[in-house]
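Keep in mind that the numbers below use all heavy atoms, side chains included, and drop hydrogens, waters and symmetry copies. These numbers come from a predicted model, not from an experiment. Atoms within a ligand are numbered from 1 in the order they appear, just like the ligands themselves.
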Amino acid sequence: MAAPAATLRFDIITLFPEIFSGYFSQSLLAKAIQRGLVDIRVHNLRDWSADSKHHKVDDRPYGGGPGMLIGVEPVIRCVEAVQAMAPVSGQVILMTPQGERLGQPRVEQLAPLQRLILLCGRYEGFDHRVVEILQPLELSIGDFILNGGEVAAMVVIDATIRMVPGVLGDEQSSWEDSFSRGNRMLEFPQYTRPPEYRGFRVPEVLLSGDHQRIAKWRQEQSELRTRQHRGDLLGDSDQGDSPTD
Ligand code: SAM
């Protein structure tokens, strides 16, 4: 008998829980939740505010400067309470542009964990004692500034659940993805019907039914695309992931 599939649980801590509702209803994720492969709980940080009237969680930074910071007290209270909501302790992940830039190796390392707790910032971010006390994994989704950590948390969830066995219809379909499982190549170009559109034809080899030739063509195309778009993956120092003109 097959072993029961494990559940990956996400606890999201945010000031804007409503941002996530549409995302959860999208088909792949909704099905994964329905089948018990993924469990997602959203917690409103304001519920842990000491201010019972206005549920305030932010304050001005010491030393001056623009904007507001999310205070340490509600965050620590909230994370401790959320940790106690399930028997397995969760890996706390703080979404921040100052963190490690998320890549596929980290995604693959997170997917087998049973529980991830995602902390979404707003305003100017968090009082630094949040980092000092919780020692979270600090993750960034790229070198740009978002208004809040919610979209970044969705990126982490979206990438991670693809690695949970059973979530994708076809178990193989994440294998050949660009970056997957240490793959330093971009995926080869793919085509579907019709075989010709506005004079643009599907490469003949893909219609040939010759699996060896197809595999060879895909390997060559993979290398070509990687060289053209992401030479840095092949060790070319002058090509990174920034836009080129
Ligand atoms: N003042 C902060 C700084 O310079 O590092 C930026 C704060 S940003 C406006 C507000 C929140 O958005 C952050 O606390 C973080 O949770 C989230 N955020 C912004 N950019 C992000 C990125 N590139 N990756 C992950 N989270 C990000």
Do Gln109 and Arg106 have side-chain atoms, one donor and one acceptor, less than 3.5 Å apart?
yes
Test question: given the 4.5 Å side-chain rule for I, L, V, M, F, W and Y, name all other residues clustered with Met185, or answer none.
Leu234
Members sharing Tyr62's hydrophobic cluster (side chains within less than 4.5 Å):
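Under the 4.5 Å side-chain rule, Tyr62 groups with nothing.
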Identify, chain by chain and in numerical order, each protein residue with a heavy atom under 4.0 Å from an atom of ligand 1.
Met95, Thr96, Pro97, Gln98, Gly121, Arg122, Tyr123, Glu124, Gly125, Leu139, Ser140, Ile141, Gly142, Phe144, Ile145, Leu146, Asn147, Gly148, Gly149, Ala152
Restricting to side-chain hydrogen bond (donor to acceptor under 3.5 Å, both in side chains), what partner residues turn up for Gln26, sequence neighbours left out?
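If we apply the side-chain hydrogen bond (donor to acceptor under 3.5 Å, both in side chains) test to Gln26, skipping adjacent residues, there are no hits.
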Is it possible for you to say whether Met85 and Phe20 belong to one hydrophobic cluster, with membership spreading through side-chain heavy-atom contacts below 4.5 Å?
yes
Linked, directly or transitively: Leu94 and Leu69 (ILVMFWY side chains, under 4.5 Å)
no
